[in-house]
Amino acid sequence: MPVPVSQMWTVASYVIRQKLAGRKQYPLVLMLEPLFRCNLACAGCGKIQYPAHILKKDLSPEECFRAVDECGAPMVSIPGGEPLMHPEIDKIVEGLVARKKYIYLCTNALLLKEKIHLFKPSKYLTFSVHLDGQREEHDLAVCREGGYDIAVDAVKEALKRGFRVTTNTTLFDGANPKSVRAFFDEMMDLGVEGMMLSPGYSYDKAPDQKHFLGRARTRRMFRAILSNRKKSWQFNLSPLFLEFLMGKRTYPCTPWGMPTYNVFGWQKPCYLLQDGYAESFKELIETTEWQNYGTESGNPACANCMVHSGYEASAVNATFSSLEGFLATVKATLFTKYEDKEALKMLEEPEAPVNPLIQISPSASHDLQETRA
Ligand code: SF4
């Protein structure tokens, strides 16, 4: 089941309206983080490293609605933390559906079966289930044995109840392209609508600093994964963003394309970095020194970044900025098979040795233990 036409039309007409209005810095997706608490302690995530008094905080539904109305983006992604741990997540979703926002509720799905009765199927609501690969890879990435099986079970339940379901996958150094491709087959067989992908980013606060990919390695890995693509694979991403990951295109970062609002306010400049906060979206746009960010800026924090939250908005903008961009998108969507013999050979390369992942306990995040050597 592809993305509904109504969603494609909403997004396309929104971008065209921004272009016609001559607006250069427009948001595409609001990243709304209503809490930082989580029931996992993934090695690649920095969010649960906040002190206890911050982890206890929740955005109220009213604060969420104010941010959504202020920002005006047609899509809202709700990451966190684990949004299903928010005591009023159902009210937040209901209010956003009433506003006709396309919502991607990003969840590790551990609580999805238990809480699914709180939600009604809607074309505006998609559960975006965090799965970082096949069973072994996912359980290792989220540092939780059995996490894959619970998530897959919840995906089946959500699909059975008529919800839209996608997956979101973050790939770190050492990911096995062959296994990632087999994972795509598994997800398509399950019946998910589409898959979202991103390379990991090196969070200061993340306990595992060895697994994040440099740009050249990122491109090589995605070339191996995404070349010689199966027709059955559906991605919930701009096809030009996928070409960017494969090294076929270069884009500057568009940090304002997916602005972040959380318990601290509007985060400068992007979902990943924290160079201060603004009290309003207008203040975020007007006072952030955007020229200091993106790979070209020379900012070391941006040097290796190719993440979805920085670059997918760039790819979408490229689609609507020129006839060439639009035709490239049509071609990539309908006709390109990405045949690549070199990439096929890469699939047969021996697996790179994997650095140990670090297990952190949610209750004592400073107490670190190795889980795999
Ligand atoms: S390059 Fe990455 S870290 Fe830097 S502003 Fe863009 S999204 Fe943020």
Side-chain angles (χ1 to χ4, degrees), residues 24-33 36 42 44-47 49-50 71 73 75-80 104 106 128 168-173 196-219 221-222 236-238 240-262 264-278 281 283-318 321:
K24 292 213 163 38
Q25 290 166 324
Y26 59 88
L28 191 63
V29 181
L30 169 62
M31 308 293 280
L32 179 66
E33 295 182 304
F36 291 131
C42 306
C45 176
K47 303 284 173 174
Q49 305 300 305
Y50 287 109
C71 171
M75 292 184 280
V76 180
S77 175
I78 310 182
Y104 285 88
C106 304
S128 176
N168 70 74
T169 302
T170 306
L171 295 175
F172 294 94
D173 202 3
M196 297 169 92
L197 297 176
S198 181
Y201 174 79
S202 177
Y203 273 101
D204 277 352
K205 289 189 174 63
D208 175 18
Q209 294 289 324
K210 294 182 184 164
H211 279 74
F212 299 101
L213 295 160
R215 279 197 148 208
R217 289 211 307 281
T218 301
R219 291 191 194 103
M221 183 179 78
F222 280 98
N236 210 292
L237 292 164
S238 154
L240 299 190
F241 174 66
L242 295 178
E243 292 191 354
F244 164 76
L245 291 180
M246 296 165 76
K248 292 179 178 296
R249 294 180 181 275
T250 53
Y251 291 123
C253 177
T254 307
W256 55 83
M258 296 196 187
T260 299
Y261 184 75
N262 58 35
F264 298 122
W266 293 94
Q267 185 168 299
K268 292 182 178 184
C270 69
Y271 184 62
L272 304 162
L273 304 181
Q274 290 163 296
D275 283 354
Y277 288 86
F281 179 68
E283 184 190 321
L284 173 83
I285 292 294
E286 290 177 356
T287 64
T288 305
E289 295 186 32
W290 300 108
Q291 72 280 3
N292 293 343
Y293 300 99
T295 312
E296 296 75 16
S297 69
N299 185 334
C302 299
N304 282 320
C305 180
M306 292 180 77
V307 303
H308 162 256
S309 54
Y311 292 89
E312 179 161 29
S314 315
V316 172
N317 189 51
S321 292

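Just so you know, ligand 1 is whichever comes first in the structure, and atom 1 is the first atom listed for that ligand.
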Can you find a heavy atom in the side chain of Tyr261 that is under 4.5 Å from one in the side chain of Leu284?
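Tyr261 vs Leu284: side chains apart.
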Are Cys106 and Asn168 side-chain neighbours, meaning at least one heavy-atom pair lies under 4.5 Å?
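SC-SC contact between Cys106 and Asn168 confirmed.
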Hey, which protein N/O/S atoms does atom 2 (Fe) of ligand 1 have under 2.8 Å?
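Correct list: Cys305 SG.
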Which salt bridge (charged side-chain N to carboxylate O under 4.0 Å, His left out) pairs, counting each pair once, include a residue from residues 303-313, with sequence neighbours left out?
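Non-adjacent pairs meeting salt bridge (charged side-chain N to carboxylate O under 4.0 Å, His left out): zero.
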So, using salt bridge (Lys or Arg N to Asp or Glu O under 4.0 Å) as the criterion, who are the partners of Glu289 when residues are at least two apart?
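Listed in chain order: nothing, the list is empty.
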Only counting residues at least two apart or in another chain, list the ones meeting side chain to side chain donor-acceptor pair (under 3.5 Å) with Lys248.
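Partners of Lys248 by the side chain to side chain donor-acceptor pair (under 3.5 Å) criterion come out as none, since no residue qualifies.
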How are the rings of Trp256 and Trp290 set to each other: parallel, tilted or perpendicular (split at 30° and 60°)?
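Trp256 vs Trp290 ring planes: perpendicular.
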